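Each remark here refers to the structure printed beneath this line.
Only a predicted model underlies this, so the values are computations on that prediction, with no experimental measurement involved.
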Amino acid sequence: MLFELRDTYYGLPLMMILSIITSVPPLFGLTAVTTTTGYIYGIRRSCVWITMGAFLGSLLCYGLVRRYNLHKYIVLSDAKREIYESLEEAVGQNGLKMVILIRLCPIPWQLTNLILSMFPSVSWHNYLLASFLASFKVNMGLWIGQQLSTLSDPSDNNLIPRLSMLLGILLLGSVSYWIYHSTLHNIKRRKYSKQLDVSHK
């Protein structure tokens with residue numbers, strides 16, 4: 001049934017629309033959409049459609065959050081609020097570089113849309129640029145889908161797809177570690193500052 005979409009005129013536009021919709025929380029499923037698209041069409045045919053869909057979806061999320069102040073309705077626990085504030089502080093200190101790194105981190109695309117839209121320190125221009133540059137990250141899902149299609153074909157050599165998949169995982173892991181380390185450093189510094197304030201009172 002899925003492969004029947006390959007020969008239709010509406011298959012790729014439909015996948016792009018689904019990628020726009022699933023880029024806005026609380027809806028989920030962008031990973032499933034990109035992986036399925038890559039499995040059916042391959043990355044060459046679908047990368048422009050899905051990348052554009054993810055980018056437009058991120059702009060839609062930003063517009064909704066800022067227009068209707070949706071962040072006011074999100075309740076965080078004390079521990080999560082501390083992480084949120086530390087991450088926002090890191091964004092304020094490092095600017096566009098930190099925004100791009102958060103975008104590249106293997107956090108679900110729709111969650112980074114929401115998080116960055118909630119940060120007052122993230123300007124529209126920085127959000128727009130980071131979203132455009134990082135929207136190509138969703139091609140990883142297309143690529144994984146294409147590799148799954150290749151791995152399911154016993155006539156193909158599977159060594160190169162497996163090695164390239166491993167390298168991609170290592171790269172994303174390195175970026176994730178850098179983000180985690182930076183956030184943890186800000187949390188410890190904030191706790192230390194609070195302890196100093198209490199001791200001086």
Side-chain angles (χ1 to χ4, degrees), residues 16-35 50-142 144 168-191 193-194:
M16 187 184 77
I17 293 173
L18 289 176
S19 67
I20 294 175
I21 295 173
T22 54
S23 293
V24 181
L27 298 175
F28 290 90
L30 180 62
T31 300
V33 171
T34 56
T35 305
I50 298 300
T51 300
M52 184 61 66
F55 176 64
L56 294 176
S58 69
L59 300 187
L60 177 61
C61 180
Y62 185 92
L64 291 174
V65 171
R66 294 298 178 96
R67 174 66 177 83
Y68 298 103
N69 295 321
L70 298 181
H71 61 279
K72 293 182 178 180
Y73 303 99
I74 299 176
V75 180
L76 300 175
S77 63
D78 293 338
K80 290 183 178 180
R81 177 161 293 280
E82 187 172 14
I83 295 174
Y84 170 83
E85 292 175 352
S86 299
L87 194 57
E88 182 182 5
E89 184 177 349
V91 170
Q93 292 174 352
N94 297 283
L96 179 61
K97 180 180 72 173
M98 190 66 180
V99 175
I100 294 176
L101 285 174
I102 292 174
R103 276 298 194 187
L104 294 177
C105 188
I107 300 173
W109 179 254
Q110 58 269 38
L111 290 184
T112 57
N113 288 343
L114 178 62
I115 292 170
L116 294 175
S117 298
M118 291 169 57
F119 288 166
S121 57
V122 178
S123 66
W124 164 250
H125 298 289
N126 283 351
Y127 183 91
L128 180 69
L129 181 58
S131 297
F132 175 75
L133 294 176
S135 60
F136 296 93
K137 182 182 77 170
V138 300
N139 289 326
M140 177 65 70
L142 298 175
I144 290 174
I169 292 173
L170 290 176
L171 177 61
L172 290 176
S174 300
V175 174
S176 301
Y177 177 79
W178 194 93
I179 296 290
Y180 171 78
H181 185 271
S182 177
T183 304
L184 190 63
H185 174 73
N186 282 327
I187 291 174
K188 291 180 178 179
R189 187 166 58 82
R190 288 171 63 87
K191 287 183 178 179
S193 299
K194 289 180 180 179

*Report the distance from atom CG of L18 to atom OG1 of T34, rounding to the nearest 0.5 Å.*
11.5 Å

*Taking only residues two or more places apart in sequence or in another chain, which ones pass ring pair (Phe, Tyr, Trp, His ring centres under 6.0 Å) with F132?*
F55, F136

*C61 SG to L64 CG distance, which is reported to the nearest 0.5 Å*: 7.0 Å

*Do you know which two heavy atoms are closest between L114 and P25, and how far apart they sit?*
CB-CG, 3.8 Å

*Which value, rounded to the nearest 0.5 Å, describes the distance between I115 atom CD1 and E88 atom CD?*
11.5 Å

*Under the ring pair (Phe, Tyr, Trp, His ring centres under 6.0 Å) rule, collect the residues that match up with Y127, sequence neighbours excluded.*
Y62

*Return the minimal non-hydrogen interatomic distance between V24 and G57, and the atom names on each side.*
CG2-O, 3.7 Å

_Distance-only side-chain donor-acceptor flag, R66 / S117, under 3.5 Å_ = no

*First locate atom CG of L142, then atom OG of S19, and finally report the distance between them rounded to the nearest 0.5 Å.*
9.5 Å

_Where L116 and V122 come nearest, the two heavy atoms and their spacing_ = O-CB, 3.7 Å

*Nearest 0.5 Å please: distance from the CG atom of N113 over to the CD1 atom of I107.*
11.5 Å

*Over all heavy atoms of both residues, which pair between K137 and R103 is shortest? Give the atoms and the distance, please.*
NZ-O, 2.7 Å

*asked:* Taking the side chain as everything from C-beta on, heavy atoms only, tell me whether N126 gets closer than 4.5 Å to S123.
replied: yes

_Smallest separation among heavy atoms of S23 and A54, with atom names_ = OG-CA, 3.8 Å

*Test item: W109 and T112 side chains (from C-beta on) under 4.5 Å apart, heavy atoms*: yes

*Distance from L27 atom CG to Q110 atom CD, nearest 0.5 Å?*
8.5 Å

